[in-house]
**Student:** 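Before anything else, here's the structure in question.
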Amino acid sequence: MIEEKTPEELLQERTKRVEDAVQLKVPDRVPVAPNFGFFYAKYAGITPEEAHYDYDKWAMAVKKTVLDFQPDMFVSPRMILLAPGPVLDMVDFKQIKWPGHGVSSNHSFQFVEEEYMKAEEYDAFIEDPSDYIIRTYLPRIYGVAEPFKMLPPLSSMMVGYAAVHLTAALARPEVTNAIETLSKAGAESLRWRSIMDSIHEELGGMGFPSCAQAIAEAPYDVIGDFLRGTRGVMLDMYRRPDKLIEATERVLPMQLQAAVFIAKRSGNPRVFIPLHKGADGFMSLEQFKTFYWPTLHKLITGLIDEGLTPWLFIEADYTSRLETIRDIPKGKAIYHFELTDIFKAKEVLGDVACIRGGVPSSLLCTGVPQEVKDCCKKLIDVVGRGGGFIMDAGSVIDEAKPENIRVMVDFTKEYGVYG
Amino acid sequence: MAEDLVKTIADLHEEEALRIVEERLRAGEDAFKILEDSRNAMEIVGKRFENREYFIPDLVYSGEILQEIAEIVKPKLTGANEFERLDKVIIGTVAGDIHDIGKNIVTFMLDINGFEVYDLGVDVPAQKFIEKAEETQARIIGLSGLLTLAFESMKETIEVIRGTGLRDKVKIMIGGGQINDEVRKYTGADAFGTDAMSAVLLVKDWAGEK
């Protein structure tokens, strides 16, 4: 009879299974880690709106799903929401629409594309990003921070003894009000964070490691997602290529520093890096090599130099970029593919990076368990050969039939054993 | 000189193209001819996109150049110089989804291929598609969506269209990065595509059927 393993043993076993796969060794079996998003809520019978507003319900939904499916890693609930509803309300956040606020209470939040940084503001951003963020960017994305437009340049604090300009500006009632509201939002964020941290601890104590706690973005995506918008950043490649490259270089060390800090504090070495705007079709290969890859490459190698494991969540299709992204240290990173030809990815990258993904979201949503099983079998046979593979969906799992997730996890545990 | 402008726009030389336009207007040329050249250039851009020499940023940039030219020449246009249009197509991102990049590219590509496109925007309820179809008599509808939640929404939209008796009169295509034939079957659409070119081919095919 097999003895029951303790939660600590299970935690070690699962962690080692994933790390073996990352290091391109042959683990005991193929790890399986469904990339849950709002599936947590749907499966547990709560709405995405409740997930945003009722922290305990959200934590319970995560716990229930993880215990029911027993994955080798779970997605941190903090990675899915990024910020809770009450905080978004308090700061009057403009950059997303969230359940009950612009999208229905049954839908996940969605991003609002805008030029949050104007084309002619590159210099101001590059010159002093922090000042630009506080006095120009925040007033645009937080309704509550609108009065920060009245602040003098932050560098004015350097001279003039008691920083009279700044302190005088802080005394304006609108500014005082904004700071007070932000402070209340901060207290609410802390309350949310402590509940999210405790679910991590609890699940860890039950033997489940998380996928990652830290997050970073490719510098080009930082500019494209948050500052210039998809259209803006595309035009910048033609109209102001040098500024765009300079801005990505400016952003790189900030992304590195923040990710290293959070990963080290959490004790989880993996850093989630979702890639958005560099995919096939979104730019030519030449543009990819000019604008996107150089700073992403430095981000990847910079994290690896810190002993961390970049987990690149490569959305859309990267089939034409596979040779380019081969250029990283061996056995140190996870390449998670969505629509890329994953079999070709195994051929090109199999000796360099751990490959993750392969099960189409459409199959999990609309297929039947036998089809999911066939898909997983082929993935284990081909992509899983010789190790270096983590079974997962290609994209974030919001809607999916629970029986399809069940078969993906259970079949991988049964058939994915390395003999 | 006409050749110059067509080539300059097709090769995405913005400043040079605008300079040529200004010069030709100053020389007293018919503004409509300039627009015609611009349209020819867009056809070349479309071809290059089809052949994967051009990508989305090239389309966006060429659209930008076209718009600048249109703004310069519009005040000089006399009379109703509209281009003759092929079939009508209604397009929109389905209810609950606010993504528009893919949809906009399909609109752009259909437009430069000569179709009359009614773009209803994002988060479009089923009823809007029906109203527009009745108003315009368009017989082709394109439903766009990026998120997996769009599958359900596309299905519902098509069911509502079916309920009005309009279903047999229209062809419905669905499109988006996550779409495949399983999704097409699930939603009850006639055809699907994952890129702008497949939308153009579908519409050409359907338009030729009549």
Side-chain angles (χ1 to χ4, degrees), chain A residues 37-39 42 48 96-97 99 102-113 224 229-239 276-288 291 315-317 320 338-339 360-368 371 393-400, chain B residues 11-15 48-49 52-65 67-68 93-105 108 122-123 125 145-155 174 176-188 192 194-197:
Chain A
F38 280 97
F39 180 83
K42 307 232 159 168
I96 60 172
K97 294 186 177 188
V103 298
S104 111
S105 50
N106 289 311
H107 285 164
S108 52
F109 69 86
Q110 298 178 39
F111 198 80
V112 182
E113 278 267 340
T230 307
R231 187 191 143 75
V233 78
M234 281 179 174
L235 292 174
D236 294 340
M237 288 196 286
Y238 302 93
R239 288 177 171 162
H276 295 148
K277 295 182 160 68
D280 284 4
F282 278 70
M283 54 174 70
S284 68
L285 184 59
E286 195 189 321
Q287 285 169 331
F288 180 77
F291 297 101
E315 298 194 71
D317 192 347
S320 82
E338 185 191 15
L339 302 174
S361 288
S362 55
L363 183 64
L364 293 171
C365 287
T366 66
V368 295
E371 292 171 303
S395 54
V396 177
I397 305 169
D398 287 338
E399 347 264 315
Chain B
D11 291 347
L12 308 177
H13 298 305
E14 182 179 17
E15 285 170 25
R48 289 182 186 168
F49 183 67
R52 298 185 190 280
E53 293 162 53
Y54 273 4
F55 300 92
I56 297 171
D58 304 298
L59 287 191
V60 171
Y61 191 38
S62 68
E64 187 84 358
I65 298 171
Q67 204 181 334
E68 284 174 307
T93 303
V94 290
D97 198 330
I98 60 170
H99 292 85
D100 65 358
I101 295 170
K103 173 189 66 65
N104 291 348
I105 292 159
F108 179 85
V122 298
D123 193 11
L146 176 73
L147 305 173
T148 49
L149 67 84
F151 301 171
E152 207 52 47
S153 190
M154 286 169 172
K155 187 178 184 203
I174 58 171
Q178 305 275 347
I179 306 285
N180 58 24
D181 199 47
E182 291 160 43
V183 181
R184 182 198 63 76
K185 279 187 222 146
Y186 179 75
T187 58
F192 77 96
T194 55
D195 58 41
M197 278 330 296

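Just so we're clear, the structure is a prediction, and the values are computed from it rather than from any experiment. Letters A, B, ... mirror the listed sequences (proteins, then strands); counts begin at 1.
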**Student:** Holding to side-chain hydrogen bond (donor to acceptor under 3.5 Å, both in side chains), I want the full list of residues that pass it with B:Asp123, two or more places apart in sequence or in another chain.
**Tutor:**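 Listed in chain order: nothing, the list is empty.
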**Student:** As an exercise: rank B:Glu14, B:His99, B:Glu15 by heavy-atom pairs under 4.5 Å with chain A and give me the winner.
**Tutor:**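 It is B:Glu14.
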**Student:** Does atom CD (B:Gln67) have a neighbourhood of more than 12 heavy atoms from anything else shown, all under 6.0 Å?
**Tutor:**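 No.
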**Student:** What part of B:Asp97 lies closer than 4.5 angstrom to a heavy atom of chain A: side chain, backbone, both or neither?
**Tutor:**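 Both parts, backbone and side chain.
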**Student:** Heavy-atom cut-off 4.5 Å, strictly under: side chain, backbone, both or neither for B:Ile101 against chain A?
**Tutor:**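 Side chain of B:Ile101 only, per the 4.5 Å heavy-atom cut-off to chain A.
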**Student:** Can you say whether B:Tyr61 sits under 4.5 Å from chain A via the side chain, the backbone, both, or neither, judging by heavy atoms?
**Tutor:**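 When you check distances to chain A, atoms from both the backbone and side chain of B:Tyr61 fall under 4.5 Å.
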**Student:** Can you tell me how far the CG atom of B:Leu147 sits from the CZ atom of A:Phe38, to the nearest 0.5 Å?
**Tutor:**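 Those atoms lie 11.0 Å apart.
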**Student:** Taking B:Glu152 first and then A:Lys42, would you say they form a salt bridge - that is, a charged N and a carboxylate O separated by under 4.0 Å?
**Tutor:**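 Salt bridge between B:Glu152 and A:Lys42, a charged N being under 4.0 Å from a carboxylate O: no.
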**Student:** Would you please name every residue forming a side-chain hydrogen bond (donor to acceptor under 3.5 Å, both in side chains) with B:Asp58, sequence neighbours left out?
**Tutor:**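 Testing B:Asp58 for side-chain hydrogen bond (donor to acceptor under 3.5 Å, both in side chains), a comparison that skips the adjacent residues, returns A:Tyr238.
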**Student:** Would you mind checking which part of A:Ser284 comes under 4.5 Å of any heavy atom in chain B, side chain (CB onward), backbone (N, CA, C, O), both or neither?
**Tutor:**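 When you check distances to chain B, atoms from both the backbone and side chain of A:Ser284 fall under 4.5 Å.
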**Student:** A:Cys365, A:Gly367, A:Gly394: which one forms the most heavy-atom pairs within less than 4.5 Å of chain B?
**Tutor:**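 Ranked by contacts with chain B, first place is A:Cys365.
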**Student:** What are the two closest non-hydrogen atoms of A:Ser362 and B:Asn180, and how far apart are they?
**Tutor:**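 It is OG-ND2, 2.7 Å.
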**Student:** Under 4.5 Å from any heavy atom of chain B, what part of A:Glu338 do you find: side chain, backbone, both or neither?
**Tutor:**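 For A:Glu338, the contact with chain B is made by the side chain alone.
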**Student:** Does any heavy atom of chain B fall under 4.5 Å from the side chain of A:Glu371, the backbone, both, or neither of them?
**Tutor:**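 Answer is neither: A:Glu371 stays 4.5 Å or more from chain B.
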**Student:** Is any NZ, NE, NH1 or NH2 atom of the basic residue among A:Arg239 and B:Glu64 found under 4.0 Å from an Asp or Glu carboxylate oxygen of the other?
**Tutor:**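 A salt bridge links A:Arg239 with B:Glu64.
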**Student:** Looking only at heavy atoms, what is the nearest atom pair of A:Leu339 and B:Gly177, with distance?
**Tutor:**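 So the two residues come closest at CD1-O, 3.3 Å.
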**Student:** Would you please test A:Lys97 and B:Ile98 for side chain to side chain contact (heavy atoms under 4.5 Å, CB included) and show each step?
**Tutor:** CA-CA 9 Å; A:Lys97 294 186 177 188; B:Ile98 60 170; 4.0 Å; yes
**Student:** How long is the span from the CE atom in A:Met237 to the CZ atom in B:Phe55, to the nearest 0.5 Å?
**Tutor:**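 So the gap between those two atoms works out to 11.0 Å.
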**Student:** Working to the nearest 0.5 angstrom, can you tell me the gap between B:Arg184 CZ and A:Thr366 OG1?
**Tutor:**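 Here the interatomic distance stands at 11.5 Å.
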**Student:** Restricting to non-hydrogen atoms, name the atom on A:Gly281 and the atom on B:Pro57 that form the minimum distance, rounded to 0.1 Å.
**Tutor:**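 Taking every non-hydrogen atom into account, O-CD, 3.9 Å.
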**Student:** Can you measure from CZ (B:Arg52) to OG (A:Ser320) and round to the nearest 0.5 angstrom?
**Tutor:**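 With rounding to 0.5 Å, CZ (B:Arg52) is 9.5 Å from OG (A:Ser320).
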**Student:** List the atom of B:Glu182, the atom of A:Leu363, and the distance in Å for their closest heavy-atom pair.
**Tutor:**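 Smallest heavy-atom distance, with atoms named: OE1-CA, 3.3 Å.
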**Student:** Could you tell me which portion of B:Leu146 (side chain, backbone, both or neither) has an atom closer than 4.5 angstrom to a non-hydrogen atom of chain A?
**Tutor:**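 Answer is neither: B:Leu146 stays 4.5 Å or more from chain A.
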**Student:** State, yes or no, whether a side-chain contact exists between B:Leu149 and A:Asp398 at a heavy-atom distance under 4.5 Å.
**Tutor:**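 The answer is no; the side chains never approach within 4.5 Å.
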